[in-house]
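See below for the structure under consideration.
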Amino acid sequence: MYYYYPDYFDSFRCVGGVKCPDSCCHIWQITVDKKTLKKYNKVKGELGRRMRKKIDKKTGNIVPHGKENRCEFLNDDNLCDIVLQLGENYLCHTCHTHPRHEEVYHNVRERSLAITCPIVCKELLMRESHVTIQIKKDNKIDFFDRYFDNSLYAQLSYIRDNMLSIVQDRQFAIFKRMALILVISHYIQRHINKRQSRLRKSFINKIFSSYPDFLPVEKKDIEKTLTTYSKMSIHMTDKITTGFVKRSLTDMIFTLCTMEPLKNTWLPYLNSIINIRTQMEDEEYNICQKEFNREITDIQLEQLLFYFVYLYCCTATYDGFLLAKIKMAVANTLLIRELWFMRWLEDNKVLSVDTLTEMAHWFVREVENSDENLEQWDSLMQRNPRFSLEILIKICSYFNYL
Ligand code: SF4
C-alpha cells in the first residue's frame, strides 16, 4: 500500500482546550462508529448514562446542544469529558483522526490535514517554503476492487503532480498559475469525456466492470498539454472591467448562501458583505483591491491553492469531472481572498494572520464539513454558469493586472 501525505502531516498536534481558537467539536454532526458505540455501552456511572442518553443508538449521532451545536461531551473549558475521564483510546474514529483525512484509492491512501482546524490553517498560511508530498510504502495489500478505475486514477495522479508543480512555480504570478491549471484541466477533460463515452458504449466493459485505458494518442496529448502549458506564459487580457469582477464574485458569494449553513452567523455574515458590495462603487472597489493586493502575498494564495488541488484533483476518479475539481480549487482560493478583502475593509484596512486564518478556516468548514454542501458545491462547479471557465479566467486576469 502507498501513502501520500503533505510534509507537515506527521508533526501536527492538537492543542485543544482554551488554546484552540475554534474547537472542532461543535457546529457539525459527530457520528460515533459502531465499534466505539459498543465500548460506550459498557461505560458505567454518570458519563455512561450521558452517553446512552445523548448518543443515538441506531445512527451513532451525538445530540448537539446550545446555540453553537456543541458536542455533548465538550465541557466549558473546551475539553472533551470522554478523554478526561476515559483517555484518548475511547475517542470514536472521527474524533481520533480529525483533522487528519484519508481518501481511499484502491492501493493508495492519500492523507491530508484539513484546514478546517485553525491551527493547521494558520501554519499553512504562515509557511513560506513549498509544501512537498511525501510517499511511504508498506506491505499491506488491498483486495483488488474491480469497480475501481485504476487507469483514470493513474492518469489523474500524474496530471496532479504536474499541476502542483505549476501551482508552485513562483516565476509566474499566482493568478496566472490559477488560469494555467484551469486551461490545462479544460483540455484534458475532453480526453476523459471521450474515454467515459467509450466506457458507456462498451458492452464487455459493462459486464465485466473493466475500465478502458486511455488511447496512446490521448496519453500523448495529455503529456503534451502538461509540458506545453507548464512552460507557457498564458496570455491574459487586461480589459476586464471592475464591475464584471465585483458582480461575478458577489454572485458566487450569493451562491454560498444557498447551502446549508453550519454556524448560525454564516448567513448573516454573507448577507452583510453582499450588502456592502452592492453599495460600493466600482471605482472604489478597484482602488481598494489594488491597495489590498499589497497586504497579502502570492505565497499565501499558493498554499491554499496547493491544498485544494492536492485534495480534490484525484477525487475525479469517481465521477470523471476533473475540470469541476480544479474550478472548485480556484474558486475556493478566490473566494477566501475575497472574504479576506471584505474583512480588511471592515477592520479599517488592518489584516492580521489570525483574521486570515479565521476567514479561511470558516469558509472551508462551511463547505467541507457537510457532505451535502460539498456535493452541492461540486455540482455547482459542473453546471452553474456563475462558475464557468470563462468567468474564473476573467477574474484571474483582472487580479493579475491589479
Ligand atoms: S480545531 Fe484543531 S486544534 Fe482545535 S480542537 Fe480541533 S483538532 Fe484540536
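For reference, positions follow the sequence shown, starting with 1. Start at 1 and go down the list; that is how both ligands and their atoms are numbered.
By the 4.0 Å heavy-atom criterion, Val120 is excluded from the residues contacting ligand 1.
In this structure, a donor-acceptor pair under 3.5 Å is absent between the side chains of Asp149 and Tyr105.
Among all non-hydrogen protein atoms, the one lying nearest atom 8 (Fe) of ligand 1 is Cys14 SG, 2.3 Å. Looking only at heavy atoms of the protein, atom 4 (Fe) of ligand 1 is closest to Cys20 SG, 2.4 Å.
Contacts of Thr116 with ligand 1, taken as heavy-atom pairs under 4.0 Å, are absent altogether.
Taking the centre of each ring, Phe292 and Trp340 stay at or above the 6.0 Å mark. Separation of the Tyr285 and Phe341 ring centroids falls under the 6.0 Å cut-off.
Interface atoms of ligand 1 facing Pro99, defined by a heavy-atom separation under 4.0 Å, are 7 (S). Contact atoms of ligand 1 toward Ile119: 3 (S) (distance under 4.0 Å to a heavy atom of the residue). Ligand 1 places these atoms under 4.0 Å from at least one heavy atom of Pro118: 1 (S). Close contacts of ligand 1 with Val15, meaning ligand atoms under 4.0 Å from a residue heavy atom, involve 3 (S). Listed by atom number, the atoms of ligand 1 under 4.0 Å from Asp22 heavy atoms are 1 (S).
Between Arg50 and Glu72, at least one side-chain nitrogen of the basic residue sits less than 4.0 Å from a carboxylate oxygen of the acidic one, meeting the salt-bridge criterion. Under the 4.0 Å criterion applied to side-chain N and carboxylate O atoms, Lys246 and Asp282 are assigned as salt-bridge partners. Under a 4.0 Å N-O distance rule, the pair Glu291/Lys349 qualifies as a salt bridge.
A cation-pi contact, defined as under 6.0 Å to the ring centre and within 45° of the axis, is absent between Arg109 and Tyr3.
Summarising the contacts of atom 6 (Fe) of ligand 1 with Cys121, Pro21, Cys24, the nearest heavy atom is found in Cys24.
Residue side and main chain included, Cys117 places no N/O/S atom under 2.8 Å of atom 4 (Fe) of ligand 1.
Classification of the Tyr40-Tyr90 ring pair by plane angle, with boundaries at 30° and 60°, yields parallel.
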